Amino acid sequence: MTPAQLTIVSVLPRLLDTNGDAANARVLAQRARWAGLEATVVAVNTVADLPESADLVVLGSGTDTDLVAARDALRPLQSALRRWLDDDVPVLAVGTGWELLSAGIDVTGDSSVEGLGLVSGRARPLAARIADDLVVDAEAGRLLGFENHARGYAGSPVALGTVRSGTGNGDGTEGTVEGSFIGTHLHGPVLARNPQLADRMLATACAARGLTLVPSAMTASVDDIARAARNVVAVRLSLTSE
Amino acid sequence: MRYAPAILLGRVARTLARWRKPGGGSAVPGLVVNTIAPGFLPRTLNSFPGGLVIVTGSAGKSTTTKMLVAALRAHGVSVFTNQSTANISQGLTSALLEEVSLTGRIAGDIAVLEMDEGHGALISPTLTPRVVVLTNVMVDQIDRFHDSDMVAAMLAKIAARATGSVVLNADDLYLSRLAEGIAPGVTIARYGVTEDVLAQNPRGLGYTLTSPARLDAADGMVLTQVSGRDATVLVDGRVHEVGLPARGTHYAVDALTALAAARSTLLDRFDAAVAVTAISAIPPVFGRGEVVSVRGTTVEFVLVQNPASMQLNVDSLDPTTEQILVAVGSDVRDPSYLWPADTSSLGRVLIASGSKAQDIALQLAYDGVVVERIEPDLGRALDDFLALPEPSTGVKTIIFSADSMRRTRAHLGLATNESDPS
Ligand SMILES: [Zn+2]
């Protein structure tokens, strides 16, 4: 019997990979492989790239210059994105990738970009651009990463967690969770640094296919590195180590 | 004599600054002069009899500038040049003060200046460069410039000041587009690589956007071949062999850029053979593929400054390299910064080090690279790495970020043949 194949979709990796967030697709694929599954990453830039089905979906962050271009490139993919969300396919969207799926983005006081309206809430300008460590107390444990954004978020039905250090949504919360959708300002390879989040997504995807996710020794040793990386930041921020 | 009082005051400030902090305080006299005589800097730069040459772009500025200066000097031209500094206006003014006479004149036919795209765009409206040389548009320093559109706009602003010619990289689509906005009467000198050279770099040359078509040899200078530290270029139908200061297509492109810039600067006086000989004589650059002898062993240093240079350097590493140390320090503030690079071809890394040791180890692990040891203490990592038995293939190779390079140099007591990269 051939091992089950997971399809991981990376949406608009050309426009939405400013901070290496497209790497989250690579992270999910590697963790699946380490668990003995097969996984392929499919880069979707146009409708023609869409695979027959998707098990996991990742969107990264882009530049503000490309905001409208990215929105316009996402529009033809809107029905596919809606279908994935309706089918409870785990979707992770970082920064502008998340903002573009919301009701809209208030760029400054008077200009805004309409979003796809697939998730609740909208992006609102922060007083200043933030580029710093971001630590979040979440249901899945402490999440730690880096944030680099000029906007917060308002109207999330359920936040991903509470901000321990940093800015996040700008109101003491960070991120959003809506069904199988996770939006966050934790940019870059958030799933590598916070493998519990990756495994939550992978476990959901596996369950939908009647599979179980069995972490291997390889997964454990890489997760030790991730924990050490998080602890370096925790110590610098005078937080307890894990 | 218009600027004599300002020049004198600047010299007093320089003396005071040195007295306070020996060897330092170089921006202070510049600040003094720029404050009391804001016209001094542009007037002096615009007064070179052979004109001003500005070299700018995202990457390759310093190497290209160094090569261009060597090529011009080999033609008997006397050149004033200055390394790019954090604050170009003050740093430049200070450097000019070193050499200027009280009448405001500087010995030298031509000035060749490397300019950071940001500061260059700020001071360029007052300058009338004869030649503007554009290297490429890469996304670096994300926090500062934020995106490629902004970098391209800054370069366009500088290029618009050219009175003689704009020398530009035809393979960079942003720069090719920029040519459309150049004033009539200003010559556009293009350079580029062949399809073969591009094909040797499956991930491209690191430009944000690569032009869809290659430059025809009839339309400019072309890089036809790169192998290790040897390259061949085609100039006016004649093939020349160029020796590079380090391995890698980007150094060959820097040499090509310098050649094209030398021709635009020297016009009829340009002799390709003379320029090629001068460029080939440039010594290897520290931390950029330089091979050094330290503690009785041979080590190759590879500096990575951004994801594009990380990718180029990893790709151009000899695949048989057996002993690799990777060190990333506090200069990489955001650990996700290097993740766009695919490091899988490294295969095995003996030690991951620096204050971001765990973060770079994590990236390597996800790229399928085996990391034998994580040792954040760079001194200990270096000591242990250099003490290992000689590799059976390749040389001991240290890949580091700028901060780790400085610490490595200090720890090993190595001198440098250039100032820290910008
Ligand atoms: Zn730059």
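Small disclaimer: the values here were computed from a predicted structure and weren't measured. By convention in this document, chain letters (A, B, ...) are assigned in the order of the sequence lines, proteins followed by strands, and residues within each chain are numbered from 1.
A donor-acceptor pair shorter than 3.5 Å cannot be found between the side chains of A:D21 and A:S61. No side-chain donor from either of B:D403 and B:S401 sits under 3.5 Å from a side-chain acceptor of the other. Counting only N and O atoms by type, the side chains of B:D149 and B:Y174 include a donor and acceptor under 3.5 Å apart. Under 3.5 Å, the side chains of A:N148 and A:H185 contain no donor-acceptor pair of N or O atoms.
Of the listed residues B:D342, B:D367, B:L338, B:V371, the one with more heavy-atom pairs under 4.5 angstrom with chain A than any other is B:D367. Per-residue heavy-atom pair counts under 4.5 Å with chain B were compared for A:P189, A:A192, A:A22, A:A29, and the maximum is reached by A:P189.
For the side-chain contact (heavy atoms from CB on, under 4.5 Å) with A:I182, the qualifying choice from A:L197, A:V190, A:V91 is A:L197, the only one to do so.
For B:I374, the part sitting under 4.5 Å from any heavy atom of chain A is the side chain, from C-beta outward, and nothing else. Contacts of B:A341 with chain A are made by backbone atoms alone, with heavy-atom separations under 4.5 Å and no side-chain atom involved. Contact annotation for A:D132: both backbone and side-chain heavy atoms come within less than 4.5 Å of a heavy atom of chain B. In this structure, the portion of B:P335 lying under 4.5 Å from any heavy atom of chain A is its side chain and not its backbone.
A:R71 has no carboxylate O lying under 4.0 Å from a charged side-chain N of A:E114, or vice versa, which leaves the two without a salt bridge. Ion pairing between a basic and an acidic side chain is recognised when a charged N comes within 4.0 Å of a carboxylate O; A:D224 and A:R227 show such pairing. Using a 4.0 Å cut-off between charged side-chain N and carboxylate O, B:D171 and B:R214 make a salt bridge. For the pair B:K356 and B:D334, the salt-bridge criterion is not met [side-chain N within less than 4.0 Å of a carboxylate O].
Contact annotation for residues 228-239 of chain A against chain B (heavy-atom separation below 4.5 Å, listed by residue number): A:A228, A:A229, A:V232, A:R236.
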